[in-house]
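Below: the structure, in structure tokens.
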Amino acid sequence: MNMFEAARAVRAKAHAPYSNFKVGAAIKTASGAVFVGCNVENVAYPEGTCAEAGAIAAMVAAGEREIAEVLVVADSPEPITPCGGCRQKLAEFGGSNVVVVLAGLDAEQARMTLGELLPGAFSTAHMDTNMGDG
Ligand code: THU
């Protein structure tokens, strides 16, 4: 199954009764494996998790840590992009050249890189060069 079909299939399983906005994400790793996740909302709204976070958790649980490509699918006429928190989560495991494909239910809508989505990302380099007083 390709990334688009995988993300569409997992999107259908999303638990999104509060926003009614289902999202599916697929992450391909350096090994070629594909991991998927969907958004899981909660009655305590801030406890909900995004599709990207679910896919990252599945990837790490399987012992993989190197993101090669990301695809996000939602039922939206305009491409939807990962939220700010998920951009940082993706940057933990993927370089700035990693492509994030943004798709509607029928087809790909746009492509961006992680570097475009999160310019100036906080990284370990900041901690190495700016030692705190802790
Ligand atoms: N959501 C995602 O899962 N991924 C995104 O990239 C954008 C937003 C979810 C969070 C929430 O469950 C719903 O979409 C509406 O914001």
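Counting starts at 1 for both ligands and their atoms, following the listed order.
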Please check this pair: side chain of Arg8 against backbone of Leu105, looking for a donor-acceptor N/O pair closer than 3.5 Å.
yes

Examine Glu41 against ligand 1 and note whether any of their N/O atoms are separated by less than 3.5 Å.
yes

Would you say Phe4 and Leu102 are hydrophobically clustered, going by side-chain heavy atoms of ILVMFWY under 4.5 Å?
no

Check each atom of ligand 1 against the heavy atoms of Val23 and keep those under 4.0 Å away; list them by number with element.
1 (N), 2 (C), 3 (O), 4 (N), 9 (C), 14 (O)

Would you check the N or O atoms of Val72, main chain and side chain alike, for any that come under 3.5 Å of an N or O of ligand 1?
no

Parallel, tilted or perpendicular for Tyr18 and His15, by the 30°/60° rule?
perpendicular

Look at ligand 1 and say whether Pro82 reaches it with a heavy atom at a distance under 4.0 Å.
yes

Show, in sequence, the C-alpha distance, side-chain angles and deciding distance for Lys89 and Glu52, and conclude whether the side chain to side chain contact (heavy atoms under 4.5 Å, CB included) test is met.
CA-CA 8 Å; Lys89 289 183 179 77; Glu52 295 88 334; over 6 Å; no

Counting only N and O atoms by type, is there a donor-acceptor contact under 3.5 Å from the side chain of Asn39 to the main-chain atoms of Phe21?
yes

Mark whether atom 14 (O) of ligand 1 lies under 4.0 angstrom from at least one protein heavy atom.
yes

Mark up the atoms of ligand 1 that fall under 4.0 Å of a heavy atom belonging to Phe21, in ascending order.
13 (C), 14 (O)

Interfacing atoms of ligand 1 (cut-off 4.0 Å, heavy-atom, Ala51)
2 (C), 3 (O)

Which residue and heavy atom of the protein sit nearest atom 10 (C) of ligand 1, plus the separation:
Cys50 SG, 4.0 Å

Does even one non-hydrogen atom of Thr81 get within less than 4.0 Å of ligand 1?
yes

Here the atoms of ligand 1 under 4.0 Å from any heavy atom belonging to Glu52 are 2 (C), 3 (O), 4 (N), 5 (C), 6 (O)

Lys22 atom NZ, neighbour heavy-atom count above 12 within 6.0 Å:
yes

Co-membership, hydrophobic cluster, residues Val101 and Val70, 4.5 Å side-chain
no

Looking only at distances, please establish whether an N/O atom of ligand 1 is found under 3.5 Å from an N/O atom of Ser19.
no

Protein residue, atom and distance nearest to atom 9 (C) of ligand 1, heavy-atom basis
Asn39 ND2, 3.5 Å

Restricting to side chain to side chain donor-acceptor pair (under 3.5 Å), what partner residues turn up for Ser76, sequence neighbours left out?
none

